[in-house]
Structure formats: structure tokens, C-alpha cells
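Input: a single structure, listed below in C-alpha cells.
Computation of the quantities below employed the complete heavy-atom set of this structure, encompassing side-chain atoms and omitting hydrogens, waters and symmetry-equivalent molecules.
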Amino acid sequence: MEKIDNLDKRIMEIISVNARIPFKDVAAECGVSRAAIHQRVQRLIDTGVITGSGYHVNPKSLGYSTCTFVGIKLEKGLLYNQVVEEIKNIPEVVECHCTTGHYSMFLKMYARDNQQLMDILNNQIQGIPGVDSTETLISLEQSIKKEVPIIISEE
């Protein structure tokens, strides 16, 4: 991976707050040309430092009022990839992580209500071959949502 300098970090800091900000505004804030911003952003995308941009949809606006985290214990750890393939077919699951500790995997998902949540747990997730048990935590409120900190060093 190429070295990321303070200009790259400043650009990422600005666009992580507002991905729709025009490059001319980023350029003005950074004191460089719009072409330089365009080239830097493209390089950051090409090297995999920036992996996406776009809009975030508010799940509640679509009727998904229940956010949950589900810890899953597998019968055997080697079943992880097979279980993930089944989990991919559940549209309400928005994240799936392979984890250490008490659970083999950890999911984040949204449901319209507790009834749908129970249906997904009982009739979909717990029926997947290899799933031994689940534990569900309901999020009452999301207090923080942000990207990793971008630290600009003093040079």
C-alpha cells in the first residue's frame, strides 16, 4: 500500500463527513487544485483505502424499527462459511462477523417488529444446519455512528 500523507488524511476527513461535497470545495478547504483532489481520491479508491461512498438509508423510514445483534454458536467452527452462505439469503441481516470469544459469529439485523424478529430467529437462523444456539440483543438506541478516526500528524 502506498503511503498516505496528511493531504490524503484531510481529504478523507472532509469526504467522510459529506461524501457529496464537490471536489472544488474540498480543494478550496485543502488549498490545492480540484484536479489534485480528483487524482488523490481516485488513488485512494484504486488502492482500497476508500471502499465506497453513497447514501445511508434510515431503516426506521422503511418500517424496520427493531435493530438487533445476534450471537451465534456453531456446532463446529469449520461450518462458518456454509452458515454465512445461508445467512446471506436473509435480507434483514446487514452485517455478519466471524468473532472470537463466546460466539462463532455475530450478526446485525433489522426487523419490522418483535414478531418478525422471532420469525427470523426461529424459522430461518436457528434452522440453518450447523447453528447450535443463538443469543439476541435488542438495541434500544444507537448513540454513536462514525468512521474510524483520521489522525493528521503534525509535520
Side-chain angles (χ1 to χ4, degrees), residues 1-4 6 8-23 25-26 29 37-38 40-153:
M1 181 192 301
E2 291 185 37
K3 186 176 187 297
I4 298 172
N6 283 342
D8 292 330
K9 290 177 183 178
R10 181 69 183 127
I11 292 166
M12 288 186 290
E13 184 180 55
I14 294 166
I15 65 175
S16 69
V17 172
N18 178 7
R20 297 177 0 168
I21 188 170
F23 282 173
D25 294 348
V26 178
E29 202 165 322
I37 298 298
H38 186 275
R40 293 286 187 123
V41 169
Q42 191 59 53
R43 183 178 53 78
L44 292 167
I45 291 169
D46 292 345
T47 58
V49 175
I50 295 175
T51 58
S53 65
Y55 302 99
H56 297 282
V57 177
N58 178 352
K60 288 182 181 181
S61 70
L62 299 175
Y64 292 96
S65 61
T66 304
C67 175
T68 61
F69 298 91
V70 180
I72 299 176
K73 290 183 182 178
L74 299 178
E75 292 171 4
K76 297 177 186 174
L78 60 88
L79 296 171
Y80 177 80
N81 289 330
Q82 292 171 336
V83 173
V84 168
E85 288 306 312
E86 295 295 324
I87 295 288
K88 285 179 183 178
N89 296 319
I90 303 172
E92 292 82 4
V93 175
V94 297
E95 292 182 24
C96 176
H97 300 265
C98 180
T99 59
T100 62
H102 196 64
Y103 304 109
S104 305
M105 48 196 321
F106 209 70
L107 309 178
K108 179 179 181 181
M109 57 184 253
Y110 290 94
R112 288 187 297 278
D113 51 35
N114 288 348
Q115 178 110 19
Q116 185 192 25
L117 172 61
M118 189 169 72
D119 179 63
I120 294 167
L121 291 169
N122 293 340
N123 299 320
Q124 294 182 60
I125 294 174
Q126 293 173 354
I128 296 172
V131 171
D132 184 49
S133 65
T134 63
E135 182 177 356
T136 304
L137 306 165
I138 295 176
S139 171
L140 300 176
E141 176 183 306
Q142 178 178 309
S143 302
I144 298 172
K145 181 178 181 175
K146 60 183 179 180
E147 296 296 320
V148 297
I150 301 167
I151 312 287
I152 300 174
S153 60

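What you find for Asp132 and Leu74 is that their closest heavy atoms are CB-C, 3.9 Å. Smallest separation of non-hydrogen atoms from Met105 and Thr99: N-OG1, 3.7 Å. For Gly130 against Leu79, the heavy-atom pair with the smallest separation is CA-CD1, 3.5 Å. Shown here for Ile11 and Arg40, the closest heavy-atom pair between the two residues is CD1-CB, 3.6 Å. Nearest heavy-atom pair across Cys98 and Tyr80 is N-OH, 3.2 Å. Here the closest heavy-atom approach between residue Lys145 and residue Gln142 is recorded as CB-NE2, 2.8 Å.
Separating the CD atom in Glu75 from the OG atom in Ser133 is a distance of 10.0 Å, to the nearest 0.5 Å. In this structure, Lys108 NZ and Ser139 OG are separated by 7.5 Å, a value rounded to the nearest 0.5 Å. To the nearest 0.5 Å, the span separating CG on Leu121 from OG1 on Thr136 amounts to 4.0 Å. For the atom pair CD of Gln116 and OG1 of Thr66, the computed distance is 8.5 Å after rounding to the nearest 0.5 Å. Here Leu44 contributes atom CG and Gln42 contributes atom CD; the two are 9.5 Å apart, rounded to the nearest 0.5 Å. To the nearest 0.5 angstrom, Glu86 atom CD is 10.5 Å from Gln124 atom CD.
Counting heavy atoms of neighbouring residues, nucleotides and ligands inside a 6.0 Å radius, atom CD of Gln115 does not exceed 12 of them.
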Test side chain to side chain contact (heavy atoms under 4.5 Å, CB included) on Arg43 and Asp8 and set out the steps.
CA-CA 10 Å; Arg43 183 178 53 78; Asp8 292 330; 2.6 Å; yes

Checking side chain to side chain contact (heavy atoms under 4.5 Å, CB included) for the pair Met109/Leu117: CA distance, chi angles, key distance, verdict?
CA-CA 9 Å; Met109 57 184 253; Leu117 172 61; 3.5 Å; yes

Passes side chain to side chain contact (heavy atoms under 4.5 Å, CB included), Val26 versus Val41? Steps please.
CA-CA 11 Å; Val26 178; Val41 169; over 6 Å; no

Walk me through it: do Val93 and Ile120 pass the test side chain to side chain contact (heavy atoms under 4.5 Å, CB included)?
CA-CA 10 Å; Val93 175; Ile120 294 167; 5.6 Å; no

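Formation of a donor-acceptor pair under 3.5 Å by the Thr134 side chain with backbone atoms of Gly71 is not found in this model. Although no hydrogens or angles enter the test, the distance criterion places no donor-acceptor pair under 3.5 Å between the side chain of Thr51 and the main chain of Gly48.
Applying the side chain to side chain contact (heavy atoms under 4.5 Å, CB included) test between Leu107 and each of Ile90, Val94, Ile87 identifies Ile87 as the sole match.
Ring geometry for Phe69 versus Phe106: interplanar angle under 30°, hence parallel rather than tilted (30 to 60°).
At a threshold of 4.5 Å between non-hydrogen side-chain atoms, the residues Lys9 and Ile151 do not count as touching.
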